[in-house]
Amino acid sequence: MKFQELAKLFNALESTTKRLEMIDILSTFFKKIKETGDFKDLDKIIYLLQGQLVSNIKQFSKLGIAEKMIIEALSVHSGIDKKKIKEILIKIGDVGGAAEEILKKKKKQKSILDFNATDLGKQSLEIAELYSELEKIARSEGSGSQDVKLGILRGLMSKCSPLETKYLLRIITSTLRVGASTQTIIEGIALGFTGTKENRDIIERAFNLHPDLGDVTKLLAEKGIDAVKNIKITYGTPIRMMLASRVPYLEIPSRLGVPFVVEYKLDGERLQVHKVGDKIYLFSRILNDISNQYPDVCQVIRENVKAKRVIIEGEVVAMDTFYEKMLPFQELSKRRRKHDVEDVSKEIPVCLFAFDLLQHEDEPFIDYPLPKRRKKLEEIIEERDELRLVQSIKIESIEDLLNFFNKARNEGAEGIMAKSIKEDSIYQAGNRGFKWLKMKGLEGSKLKDTIDVVLVGANYGRGRRKGVYGTYLGAIYDPSTDSFLTFTRIASGWTDEIMEELMKKVKPIELSSKPKSVISDETPDTWLEPQIVIEIMGDEITVRDESYSLRFPVFKRFRADKGPKDITTLAEIKELYELQSG
Ligand code: AMP
C-alpha cells in the first residue's frame, strides 16, 4: 500500500475530535483494505495508527536521527536555508507541521516559476519501503553513519508529498499522534472487518492476551473473528496487566462486597513472570522484557516455583540486607542506573512478593475467581527470603480496613489493595476495573487535613480488646476559654503494639473525675489528664448544637513534639468545616 493513503487517513482523523466520526473514517478505510484482500502491511498500519513503529512486545531499534539532521535534510530538499527553517519550526512547534508548510509554499512557487528544485510531491512511497528504509537507518552505526542516515532520509522525502512529509517526520521523531485511542481503533477494526461493532469485545480480549494489535488485526483479516476468539495466552508473550481503581475508602466494602481481601500495596515494581522450564521472562508494567535487570529474581523463580510452566505476578521490592525491612522504590530504582547488574543484585537485595497466578501449565487461570488463583499460587511457591507471598487477609468492616491500612503504612507499604473474592473476581487483563481497589490515603474524605487532638478519656474495649482501652476520647483546644472540648472517639487505626504502648502511657495519667479544663457531655470509663497528643485523620467534620465532631476518625501517629495547647483549635476546626462545605 502507498504511504499516501495512510497520510490521507491520518489527516482525516486529525481533523476531527469526535469518536464516532473517527470510527467511521477508520472502518471505511479498513473496509477498503478488506476488499483489496492485500493484508501485507496491515500490522504496520495499525502500529502507526497507535503512534508507534511496532507493538510493545516487539523491538524496533533507535533511529538515531536528531532534529539537526532533519533540518539539514529539509534544507537541501527545499532549497531554503537552515536558519529560516528553524524560525518556522519555532513558530509551529512541530517538525512535521513545519515541513508541510515549507514544502507547500515551495510547491506553489515551483508551479508558478517552474522552479528547478527537487521534485516536491511524487507520492510514490510504499509503506513496506518506508519500513525497510527506517530499518536501514536504525542499523547504520559508527563512523559515516550520519551521512548514510541523511542520505536515506533525503531519499524518503523525495518520494513524499508535503502532507506525507509531515507524517514521515512525525514518525521519525516519535511524535505521531492521530488522536484515535486504542479503543476507537478497535471499534473501527470491528466495524470495518466484521461489519459490526459488537465484535470489539472479542478483539479487545485478544489484544489483552496478545498485546499486539497489528498481529490481531492481521489474523482477523486473514482468518476471521473465530480465529481471534481463539487467541490463547502464550508463554513468553506478556498479558496486559490488570490495574486497580480508586474509590472513596468508605465505599470499598460496598463496591467489592463483603468479605473481601486486603493486601499491602508494596512500593516496588510490578513484574509478570513467565516460567517456561528454566527459561524465565520478567515483564514490566508496560510489557517490556526486563529479565536482564533481575538475574537474582530469575534464579529464585527457577529454584522455588514448583511448576514446569506458569505465569505469576508480583511486586519486586528492595530489601535491607537481612531481608527484614522493605525499602522504598528509590532504592530499587538504583538498580537501573548501574551497569553491572550481578554486583548490584548483592548490593541491593530484592524480594518478589507474589500476588497472582494467570496460567498454570496448559490451564488458563485468568477466568477463575481470585481465591482459586491464590490457592494455586500458594501450592507452587516455596517461600524464602527472596520470594514470598503477599499477605492476604479477609476482612469485613471499615474498621478492620482502616486498621490494616495503618499497619501497612507503619511497615513501609504505600497503602493497601482491596480485592474482590466473589465468584466473578476474575483477572481482568488490561483493565482498570472495580475488582481491585487501591487505597493510599483517606481518598474521598471531605476533610482535607489531619487534626491533632489530646486524649482526655478512654473506654474499655470489647471482644479481642477486652481488658485494654478500645476507644479514646480526643479533644480540641479553645484558647478563648483555655479549655479542651471533646471532639471525637477514636477506635481504629492502631496496631496491637500501638494499643499496648498507649495503655502504658495512659495508666499513670488516669483520673477518677473529669478535669476542670475539659468540657464534655461524655462519661468515659476513665478520664485522663490532657497530656498525650495524637494526630488523626477522618472523613468529615459534622456539627450539632454548635459542637463539632469527626466522622470515622483514624489514629495516624503520636505527636510527642506537641503539648496539649499546641493542638488543633476550635477556630481551626471551624475553618476546616467551612472548607469542606464550600
Ligand atoms: P497504581 O500504579 O497506583 O495504579 O497501582 C497499581 C500498582 O500497584 C500495580 O501495578 C502494582 O505494581 C502495585 N502493587 C503493589 N502491591 C500490590 C498488590 N498487593 N496487588 C496488586 N498490585 C500491587
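Counting starts at 1 for both ligands and their atoms, in listed order.
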Would you check if there is a donor-acceptor pair between the side chains of [Y] and [X] at a distance under 3.5 Å?
{"X": "Tyr281", "Y": "Gln272", "result": "no"}
{"X": "Thr173", "Y": "Thr175", "result": "yes"}
{"X": "Glu14", "Y": "Tyr167", "result": "yes"}
{"X": "Thr471", "Y": "Arg489", "result": "no"}
{"X": "Glu303", "Y": "Gln299", "result": "yes"}

Distance from [atom] to nearest protein heavy atom, with residue and atom:
{"atom": "atom 23 (C) of ligand 1", "result": "Met417 CE, 3.6 Å"}
{"atom": "atom 16 (N) of ligand 1", "result": "Leu266 N, 3.0 Å"}
{"atom": "atom 10 (O) of ligand 1", "result": "Arg270 NH1, 2.8 Å"}
{"atom": "atom 12 (O) of ligand 1", "result": "Glu315 OE1, 2.5 Å"}
{"atom": "atom 4 (O) of ligand 1", "result": "Lys438 NZ, 2.7 Å"}
{"atom": "atom 7 (C) of ligand 1", "result": "Lys265 NZ, 3.9 Å"}

task = Could you tell me whether Trp436 approaches ligand 1 through its side chain, its backbone, both or neither, with non-hydrogen atoms closer than 4.0 Å?
result = side chain
query = Which residue pairs satisfy the ring pair (Phe, Tyr, Trp, His ring centres under 6.0 Å) criterion with at least one member in residues 386-412, sequence neighbours excluded?
reply = Tyr264-Phe404
Which of the atoms of ligand 1 are close to [X], meaning less than 4.0 Å from one of its heavy atoms?
{"X": "Tyr264", "value": "16 (N), 17 (C), 18 (C), 19 (N)"}
{"X": "Lys440", "value": "3 (O)"}
{"X": "Arg432", "value": "4 (O)"}
{"X": "Lys419", "value": "18 (C), 20 (N), 21 (C)"}

inquiry  = Strictly by salt bridge (charged side-chain N to carboxylate O under 4.0 Å, His left out), give each pair with a member in residues 46-65 just once, sequence neighbours left out.
reply    = Lys58-Asp212, Lys58-Asp215
message = Can you tell me how far apart CG (Leu437) and CD (Glu251) are? Round to the nearest 0.5 Å.
response = 9.5 Å
ask   = Out of Met242, Arg285, Glu263, who gets a non-hydrogen atom closest to atom 19 (N) of ligand 1?
value = Glu263
